[in-house]
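This chain uses plain numbering: 1 for the first residue, then up along the sequence. Atom set for the values below is all heavy atoms of this structure, side chains included, hydrogens, waters and symmetry mates excluded. Numbering of ligands and ligand atoms starts at 1, following listing order.
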Amino acid sequence: MNKKYIIGNWKALPDSWAAAQDLLDAIAQFFNEGIESKNSIIICPPFIYLEEAARVLKTSSLGARLELGAQDIALGDEPAQTGEITGNQLEKLGVRYVIIGHSERRWKLGETNEIINTKLKRALSHNLIPIVCIGEKERDENFKKTIEEQLKETFKGLNGEEIEKCFLAYEPVWAISSNPGAKPDSPEESVKAVKMIKEQIKKIAGGSADIPVLYGGSVTPDNVSGFVEYKEIDGVLIGGASVRKHDFLKILNIVK
Ligand code: PGA
């Protein structure tokens with residue numbers, strides 16, 4: 001298996017720093033048992049835990065195993081943005097990645113491709129690695145077109161070199177576990193979509209961009225190996241199962 005990226009999107013969980021610490025302790029213990037992994041493991045806790053999580057990573061063996069991502073970034077760097085967290089602040093915390101354009105922000109909070117494009121440029125200006133989420137609401141006959149448009153609009157104005165610094169996560173909205181009637185995509189269909197995305201992004205970048213494209217949507221210990229066995233799928237973006245301690249550890253154990 002080629003190197004994979006395993007990204008945990010904790011969303012608005014857990015409810016307390018104590019529970020977050022418990023999760024980090026369990027991950028630390030997992031690695032202390034001598035388990036080797038060639039993969040990159042990135043956790044994206046809510047903003048309120050980022051500073052503490054950064055401290056834990058800096059001061060323990062976990063720092064060699066885990067990297068830190070944020071779940072969003074402010075549009076600009078100016079201080080007059082009540083409730084927002086800027087790229088400047090994230091950079092200072094030592095955060096390396098940032099999820100941009102998650103479907104919960106696109107569809108529940110009305111983030112447009114234009115907003116996502118601005119956030120993407122902002123993240124790059126702070127040397128953060130954007131994990132850009134894309135995906136259709138329904139897999140109907142137009143879904144490829146929807147994705148093509150999202151990609152074009154999201155990466156508008158970026159040159160090939162900038163695009164090469166990004167990650168993409170293909171997350172069909174209907175597959176995200178918290179959505180009514182959600183079910184995971186099949187590995188066979190998701191790899192087709194991932195290949196299509198890789199071709200599209202090459203065109204947009206003007207030729208050669210070879211960026212990691214992950215799958216996300218109801219990934220669990222029971223189905224993860226089906227996705228990662230494809231070399232084209234560079235990893236998984238995991239929501240619910242990334243904060244269920246036993247599930248996350250099982251996934252780390254399966255994808256080594
Ligand atoms: P899920 O979430 O794994 O719970 O479906 C994925 C995501 O929303 O990033």
Side-chain angles (χ1 to χ4, degrees), residues 4-15 19-20 23 27 39-47 49-50 66-73 95 97-111 116 119-120 123 128-139 146-147 150 154 166-187 189-191 193-194 197 212-228 230 233-255:
K4 303 290 176 183
Y5 294 90
I6 302 173
I7 307 184
N9 172 14
W10 289 9
K11 308 192 181 189
L13 283 169
D15 289 344
L23 190 50
I27 300 172
N39 300 320
S40 285
I41 304 160
I42 299 147
I43 52 158
C44 304
F47 285 134
Y49 306 138
L50 271 180
L66 282 189
E67 292 179 288
L68 213 49
Q71 297 176 15
D72 190 29
I73 184 171
V95 168
Y97 296 83
V98 57
I99 297 175
I100 295 181
H102 190 277
S103 63
E104 284 152 14
R105 300 199 65 87
R106 285 181 188 265
W107 304 116
K108 293 187 185 167
L109 301 169
E111 279 196 5
I116 292 159
K119 290 187 170 185
L120 177 49
L128 297 163
I129 300 174
I131 303 163
V132 181
C133 300
I134 51 154
E136 76 284 0
K137 269 176 136 173
E138 280 173 57
R139 186 167 285 161
T146 307
I147 288 180
Q150 275 181 5
T154 301
C166 302
F167 285 26
L168 272 166
Y170 170 57
E171 295 210 310
V173 182
W174 49 268
I176 291 185
S177 67
S178 50
N179 290 337
K183 55 174 175 32
D185 196 3
S186 69
E189 290 304 312
S190 65
V191 76
V194 164
I197 290 165
V213 182
L214 285 64
Y215 167 77
S218 297
V219 172
T220 65
D222 294 335
N223 62 24
V224 68
S225 49
F227 296 105
V228 294
Y230 286 103
I233 300 182
D234 295 292
V236 280
L237 177 55
I238 311 165
S242 73
V243 275
R244 293 194 297 270
K245 191 164 68 181
H246 298 293
D247 279 352
F248 193 59
L249 296 184
K250 269 193 209 162
I251 290 173
L252 294 186
N253 211 9
I254 294 167
V255 192

> Within a strict 4.5 Å, meaning less than it, do heavy atoms of the L68 and P45 side chains meet?
Replying inline: yes
> Does the N or O separation between S178 and ligand 1 drop below 3.5 Å for any pair?
Replying inline: no
> Going by the order shown, which atoms of ligand 1 are within less than 4.0 Å of some heavy atom of G217?
Replying inline: 5 (O)
> Quick check: does I238 get an N/O under 3.5 Å from an N/O on ligand 1?
Replying inline: no
> Quick one: does G216 get a heavy atom under 4.0 Å from ligand 1?
Replying inline: no
>> Does any part of the side chain of F227, heavy atoms only, come nearer than 4.5 Å to the side chain of V194, both counted from C-beta?
In response: no
> Any idea which atoms of ligand 1 are less than 4.0 Å away from a heavy-atom of H102?
Replying inline: 7 (C), 8 (O), 9 (O)
> With a 4.5 Å heavy-atom cut-off, do R105 and Q71 have their side chains touching?
Replying inline: no
> Under 4.0 Å from any heavy atom of K11, which atoms of ligand 1 are there?
Replying inline: 2 (O), 7 (C), 8 (O)
> For G240, is at least one N or O under 3.5 Å away from an N or O on ligand 1?
Replying inline: yes
>> Within the 4.5 Å heavy-atom criterion, are W174 and D185 side-chain neighbours or not?
In response: yes
> Is the count of non-hydrogen atoms from other residues, nucleotides or ligands lying under 6.0 Å from E189 atom CD greater than 12?
Replying inline: yes
>> Return the closest protein heavy atom for atom 9 (O) of ligand 1 as residue, atom name and distance.
In response: E171 OE2, 2.8 Å
>> How long is the straight-line distance from CD1 of I176 back to NZ of K11, given to the nearest 0.5 Å?
In response: 5.5 Å
>> Quick test of your reading of the structure: of C133, A169, S177, whose heavy atom lies closest to atom 5 (O) of ligand 1?
In response: S177
> Quick one: CG on N223 to NZ on K183, what's the gap to the nearest 0.5 Å?
Replying inline: 12.5 Å
> In terms of residue, atom name and distance, what is the protein heavy atom nearest to atom 3 (O) of ligand 1?
Replying inline: G239 N, 2.8 Å
> Would you call the rings of Y97 and F167 parallel, tilted or perpendicular if under 30° counts as parallel and over 60° as perpendicular?
Replying inline: perpendicular
> What atoms in ligand 1 come closer than 4.0 Å to a heavy atom of N9?
Replying inline: 9 (O)
>> Within the 4.0 Å heavy-atom shell around I176, which atoms of ligand 1 are there?
In response: 2 (O), 5 (O), 8 (O)
